[in-house]
Asks: 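Take this structure first; my questions come after.
Remember, it's 1-based here, ligands and their atoms both numbered in the order they're listed.
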Amino acid sequence: MLNLTIAETFRNISRLLEIRQDNPFRIRAYERAAQAIEGLNEDIEIMAGKGTLREIPGIGKDLERKIKEFIETGKIRAYEELKKSFPDGLLELLRIPSVGPKTAKLLYDELQIHNVAGLESAIAKGKLKGIFGIKEKTIKNIASGIRLLKAGKERMPLSVAWQAAESFLRPLQGLPGLKKISCAGSLRRQKETIRDIDILVATGTPQRIIRHFTRLPQVKEIIASGSTKSSVRTADGIQVDCRAVVEKSFGAALLYFTGSKNFNIKLRQIAIQKGLKINEYGVFRGNAFVAGRTEAEIFKLLGMEYIEPELREDTGEIALAQKGTLPKLITQNDLRGDLHTHSSWSDGNNTIQEMAFAAAKLGYSYIAITDHSQGLKIANGLSVKDLLKKRKEIEKVNNALRRCRVLYGTEVDIDSQGRLDYSNETLKEFDIVIAAIHSGFRQSKEKLTRRILKACDNKYVNIISHPTGRLWGTRDAYEIDFDAIVAGARETNTALEVNSYPLRLDLNDLHCRRAKEEGVKLVINTDSHATEHLAAARFGIAVARRGWLTAKDVLNTLPLDDLLKAIKK
Ligand code: DGT
Ligand code: CA
């Protein structure tokens, strides 16, 4: 699993080229490739083996060769050469989200700062103040960037964790002697970020399974290894723990190691009230084992409904389970379409037809192609003239493809004053309009909230996309008054989006739950820029499930006609 390492290498190349003021296209090409590799759902080594690297958006012959070179030798020669012409440590500074190439160079030249620790201490001592080109606000941004960077090192996004987990689960499944296998911990609860991966197996031959686990090719280091438990680290620095238990205890162990810790504590108290003792081996009355094989039998014994892992956070779910009134959580099967995707008309990699075919293949009955609006030049936003042509093309695709209807949409930009990037005249022609903020993230909370509310007020805006702007590891959510936005959305019948793009997951679980309580509808979109991104819906579904959403709370579970009625203002 070298996806993250290779993406990081390409990003570093892009940054160093930028300091050198190299060709902007080249700089951009490396950055794009880094992004594409980060977003992959497949192991890049496996892709290299199959010869499918060139299918990754932005990977041409040259980058394909570099990826192969890295897989084979652990290095890219051109990168090693490039690094030589820069001081050591400069790259570490560049990893801080708000430190661009110019700032890094300035810090180095003026203050001889060459690593994060040095920068932290310089900020603490007030040394950055008064340096030409560094404003007070920049210093604040750098400090919060350092915090983001550190947080990013401690936890990985859910998508990355799943990818790593699957590379362990797949080869273990079907081993002789293995009875059951599951992930546990925060991954099974599908938290948006994961510290380490927990795997649980039921087997009568634990040593054999554990040995196999520690010898998998992606294991780079064995941190600890015993007869029933082992911890390893992958080349990407991801820690994976594997525990083996007997089949009789599998349910109890799964319950215990899935957590959360607070949930476990509450469950144990309930068991005690019933004269039972619960631990990772089973449920006991005195010394007698009474349950433990499955989670379901344990929940039943404790007098409650089965609680889905995503709900196990001790935030009210236990009481509902005791009453038998838990919400029936949405599943990926409930989705009937995707309402936020891009085609090659703006900054996507695929044509409308390719996107529509891919959606049909997923069993969707509709897909909205919501390319960027005219003002968003970096994303190749569409002029009004382009829109006419795009609409014609959609008609053509719809005539040819019956299974999946293409909706004529846009992701219209909300400008710094809350104005939309197309006139109402233009907006009213779309089947569906989503509005989003793409700049001015650092405005005050009041101003940002007002911008979104103003967009909600527009008669033609159906959905607010990625409402808080969070980009994991790069940008915190911008400050908005979420309660005000929920109220505005409800008044104007505007839906709020859960953006499934793995680094966004915005809205988050808490937002979902709040919106639902207030009767605001949600949509789960992928913001796909290529056909293969459509599969990311599973991460939006994970967020929605953690936010207690049912299919009824999510508009794109509706059949097309009902959907179009429901979004009308
Ligand atoms: P993470 O790894 O920080 O993303 O989150 P988790 O929830 O996977 O935490 P982890 O890996 O430390 O432990 C896995 C599960 O094991 C946890 O969710 C609940 C259970 N567990 C761990 N330590 C304790 C404990 O001290 N008491 C109880 N009751 N359960 C624990
Ligand atoms: Ca864990």
Asks: Please check if the number of heavy atoms outside Gln173 that lie under 6.0 Å from its CD is greater than 12.
Replies: yes
Asks: Looking only at heavy atoms, which two atoms of Ile480 and Thr449 are closest? And how far apart?
Replies: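 That would be CA-OG1, 3.6 Å.
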Asks: Could you name all protein N, O or S atoms found under 3.0 Å from the Ca ion (ligand 2)?
Replies: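 Listed by chain and number, the atoms are Asp196 O, Asp196 OD1, Asp198 OD2.
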Asks: Go through it in stages, so that I can follow the logic: the residues are His438 and His466, the test is ring pair (Phe, Tyr, Trp, His ring centres under 6.0 Å), and I'd like the CA-CA distance, side-chain angles, deciding distance and then a yes or no.
Replies: CA-CA 10 Å; His438 296 98; His466 41 76; 5.6 Å; yes
Asks: By the definition side-chain contact (heavy atoms from CB on, under 4.5 Å), identify the one residue from Ile37, Thr52, Ile44 that meets it with Ile59.
Replies: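 Among Ile37, Thr52, Ile44, the one meeting side-chain contact (heavy atoms from CB on, under 4.5 Å) with Ile59 is Ile37.
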Asks: Compare all side-chain heavy atoms of Val498 with those of Cys512 and state whether any distance is below 4.5 angstrom.
Replies: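 Sidechains of Cys512 and Val498: in contact.
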Asks: Is there a side-chain contact between Thr258 and Arg189, using heavy atoms and a 4.5 Å cut-off?
Replies: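 SC-SC contact between Thr258 and Arg189 confirmed.
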Asks: List the steps, then state whether salt bridge (Lys or Arg N to Asp or Glu O under 4.0 Å) holds for Glu297 with Lys300.
Replies: CA-CA 5 Å; Glu297 70 181 30; Lys300 204 166 154 203; over 6 Å; no
Asks: Could you check whether Lys83 pairs with Glu92 (Lys NZ or Arg NE/NH1/NH2 to Asp/Glu carboxylate O, under 4.0 Å)?
Replies: no
Asks: Quick test of your reading of the model: are Asp506 and Arg470 salt-bridged, counting only N-O distances below 4.0 Å?
Replies: no
Asks: Hey, which residues fall under 4.0 Å of ligand 1 on heavy atoms?
Replies: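 Residues near ligand 1: Arg155, Gly185, Ser186, Arg189, Ile194, Arg195, Asp196, Asp198, Tyr256, Phe257, Thr258, Gly259, Ser260, Lys261, Asn264, Arg268.
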